[in-house]
Amino acid sequence: MSTIKVQNFINGKFCDSEKYLDSFDPSTGEVWAKIPDSTVVNVEAAVSAAKNAFPGWSATPVQERSKVMMKIADLLESRLEEFAVLESRDQGKPVWLARTVDIPRAVYNFRFFATCALHDLNRSNQMQAVDAFNYTIKMPVGVAGLISPWNLPMYLLTFKLAPAIIAGNTVVAKPSEMTSVTAWKLAEIFNTAGLPPGVINFVFGYGPTAGEAIVRHPGVPIVSFTGGTVTAVKLRIAAAPFSKKLSLELGGKNPGVIFDNADMEKCIVTTIRSSFINQGEICLCTSRLYVQRGVYKTFVDKFVQEAKKLVVGDPKAEGVFMGALISKEHLAKVKGYVDIARQEGASILCGEEDLNLPAENKNGYFMRPTVITDVKDTSRLMTEEIFGPVVCIVPFDTTDEVIERANAVKYGLAATVWSTDVTTLHRVSQKLHAGTVWANCWLVRDLNMPFGGMKESGTGRESAKDSIEFFTEEKTICVKL
Ligand code: NAD
C-alpha cells in the first residue's frame, strides 16, 4: 500500500510543509504516512488564519455555529467505517473498538457540545439598595491552542474542538505526531460542512517544535492540553510569561479496590476490560489492583485465566481484543517495567507467552496482557504510569489500610471500587483521591458530570458545560438606573 502524505490544514486549505516525519503503522512497524514536521513558520500562518477568522466566527450566532457542528457530526458518522480503519491503522487499536467506541464518541462530542451551548443563559442581578442592574455577557477568548495525545486520537481531539468552536473561538490544533491521519481526514469534512476557512487549523508535527510554538505564541491566549504530566510542566513554563488560560488533562495510576463481598463475575469481566482495553493505553485504565485477602487467591487465579484468553494480534482481524502498542519506543518502555518486576523478585503470572502473530505483524509492537503479583507498594510498578497492558495485583486487609495505600501516589485521575455493600461503596469512593470513582462499573461517562484529575493528574474537573465556560470569558456589566 502506498504511503499517505498528510498536509497541514490552514485557512481552509491543505498545504505542504518543508519537512516531513515518518508515522508508523504499529501493527506492522512499517511507515504508512508522512506527517508535516511543522515549524514556527507554519504555526504563525495557522495563528494568523485563526485570528482573521475570529471576528466572523465569534459574531456568528450560536444557533448557526451549532448547525455547522451538527453537519460535521452527520458527515463524520456517514464515514464511520473509513475513520475506524484509519484510526486503527494510526494507533494500533482493533478496528472494532474504533468502530464502536472512538468514532461514535467523536460524533457524539460534536452533537453534545453543539446542543449543550444552546441552553446557556446569562446571569443578572438587581441591586435594590443602590438602584443598579448587573448582567453578564459571554464572549469567546480568541485563538485557542489545542494539543492532544495519541491514545484516543479522534475522541480527545474532538473533545477539545467542539467546546472551543461552539463558544465562538477559532482554533490552532496539533494532534500527536504519532496519530495525525484522522485529524487530517476530518479537515475534509470541515470544508464540506461549511465551516468557514480559518476557524479550525491543523498544524502537524512534534511537540517541542510545533506544539511549543503554539503554546509560546502571544496570539494564542488559551491552551487546552491532554498528555503526560512531565510534558505539562514544560507547557506551564512556556505559557507562564503570557499568563495564558490553561487546561491540563494528564496521566494516571488508577487503583481498583476489590472487596471480599464484590460480585466476582461482574468484577472480573469489567476489570479485565479496564486493565487491557486499547492495549491498556487509556489514561483511565486500571493499573493497580488491591484485592481483599479473603478473595485474593480466587481473584488472581480467575483474572489470570481470563487475561490469558484475550486474543492479541492484527487489529483488523475478527475476535482480536488487543492490537499493537503505539510505538517501538513505547513498547520497550512498557516491557522495561516487566524487567523491573523480574529484578525485584515479583511474580509475572502471565504476559510472556508466545504471541503467534501472522507474518504481516511480526514487526508490530505487540505485547500480551501481563499480570504481576508480589510487588511492593513502593515499587516503580505501583507508583509510575506504565500506560500499557500491565497490571499489578496486591492483597489488602482493612478498609482504612486500602484507602491509604491507594492514595499514596502522585496521581489522582480515576479509581474503581467493587463491593455489594452500598455503604462501603460510598465511604471508600468519597475517600479515594481521584477525579472520578467508578463503583461497580468502569468508564461509564456522563458528559454532564465533571471529569478530570486531582493532584498531578490535571488542573480542572470539567463537565461539558464547564469546558464551554473554559473557552469563554464572562463579563459583568453594571448599569446605574
Ligand atoms: P505527551 O505529553 O508526550 O504528548 C501529548 C501532546 O503534547 C502531543 O501532541 C505532543 O506532540 C505534545 N507535546 C509534547 N511535548 C510538547 C511541548 N514541549 N510543548 C507542547 N506540546 C508538546 O503524551 P502522549 O504520550 O501523547 O500521551 C500519553 C499521556 O497522555 C499519558 O500520560 C496519558 O495518561 C495522558 N492522557 C491523559 C488523559 C486525560 O484525560 N487525563 C487522556 C488521554 C491521555
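We count ligands from 1, going down the list as the structure has it; atoms in each ligand are counted the same way. The first residue in the sequence is number 1, and the count goes up from there.
Of the protein's heavy atoms, Glu212 OE1, 3.2 Å lies nearest to atom 18 (N) of ligand 1. At the shortest separation from atom 15 (N) of ligand 1 among protein heavy atoms lies Thr231 CG2, 3.2 Å. If you check which protein heavy atom lies closest to atom 39 (C) of ligand 1, you get Cys283 SG, 3.4 Å. When hydrogens are left out, the protein atom nearest atom 28 (C) of ligand 1 is Phe387 CE2, 3.6 Å; that is the closest non-hydrogen contact. For atom 37 (C) of ligand 1, the nearest protein heavy atom (residue, atom name, distance) is Leu250 O, 3.1 Å. Among all protein heavy atoms, the one lying closest to atom 44 (C) of ligand 1 is Asn151 OD1, 3.4 Å. Here the protein heavy atom with the shortest distance to atom 27 (O) of ligand 1 is Pro149 CB, 3.3 Å. Closest protein heavy atom to atom 12 (C) of ligand 1: Ile147 CG2, 3.6 Å.
In summary, the atoms of ligand 1 found under 4.0 Å from a heavy atom of Leu235, numbered by their order in the structure, are 19 (N), 20 (C), 21 (N). When each atom of ligand 1 is checked for a heavy atom of Trp150 under 4.0 Å away, the hits are 24 (P), 25 (O), 26 (O), 27 (O). Close approach to Phe451 involves these atoms of ligand 1, each under 4.0 Å from a residue heavy atom: 40 (O). Within the listing of ligand 1, atoms 10 (C), 11 (O) sit less than 4.0 angstrom from a heavy atom of Glu177.
Ligand 1 has no atom lying under 4.0 Å from any heavy atom of Gly458. Ligand 1 has at least one atom lying under 4.0 Å from a heavy atom of Ser176.
The CG atom of Leu325 sits 5.5 Å away from the CG atom of Leu331 when rounded to the nearest 0.5 Å. Taking SG from Cys392 and CD1 from Ile348, the interatomic distance works out to 10.0 Å, rounded to the nearest 0.5 Å. Remark: Thr115 OG1 to Ile166 CD1 distance equals 8.5 Å, nearest 0.5 Å.
A donor-acceptor contact closer than 3.5 angstrom links the side chains of Lys160 and Ser224. Between the side chains of Gln279 and Tyr365, no donor N or O sits under 3.5 Å from an acceptor N or O. Neither side chain, Thr182 nor Asp90, offers a donor N or O lying under 3.5 Å from an acceptor on the other.
Not one N or O on the side chain of Asn201 forms a donor-acceptor pair closer than 3.5 Å with the backbone of Val172. Looking at Asn109, its side chain does come within 3.5 Å of a backbone N or O of Tyr155 through a donor-acceptor pair. Lys245 places a side-chain N or O within 3.5 Å of a backbone atom of Phe470 that can act as its donor or acceptor partner.
Shown here is Lys362, whose NZ atom has more than 12 heavy atoms of other residues, nucleotides or ligands within 6.0 Å. Other residues, nucleotides and ligands contribute more than 12 heavy atoms inside 6.0 Å of the NZ atom of Lys316.
For Trp57, there are no ring pair (Phe, Tyr, Trp, His ring centres under 6.0 Å) partners two or more places apart in sequence or in a different chain.
Ranked by closest heavy atom to atom 29 (C) of ligand 1, the top entry among Ala238, Gly227, Ser180 is Gly227. Counting only non-hydrogen atoms, the option in Gly435, Ser327, Gly207 that gets closest to atom 21 (N) of ligand 1 is Gly207. Looking at Ile214, Leu156, Ile326, it is Leu156 that brings a heavy atom closest to atom 43 (C) of ligand 1.
In terms of N/O distances under 3.5 Å, ligand 1 is approached by Glu385. For ligand 1, the polar-atom distance check finds no N/O of Lys234 at less than 3.5 Å from any of the ligand's N/O atoms. Ligand 1 has an N or O atom lying under 3.5 Å from an N or O atom of Ser148, backbone or side chain. For a threshold of 3.5 Å applied to N or O pairs, the pair formed by Gly211 and ligand 1 contains no separation below that value. Annotation: Tyr206 places no N or O atom under 3.5 Å from an N or O atom of ligand 1; distance criterion only.
Using a 4.0 Å cut-off between charged nitrogen and carboxylate oxygen, Lys234 and Glu212 do not count as a salt-bridge pair.
Screening Lys93, Lys185, Arg99, Arg105 for a salt bridge (Lys or Arg N to Asp or Glu O under 4.0 Å) with Glu87, the sole residue that qualifies is Lys93.
Proximity of Val230 to ligand 1, defined as any heavy-atom pair under 4.0 Å, is not found for any part of the residue.
Distance screen at 4.0 Å: atom 24 (P) of ligand 1 has a protein heavy-atom neighbour inside the cut-off.
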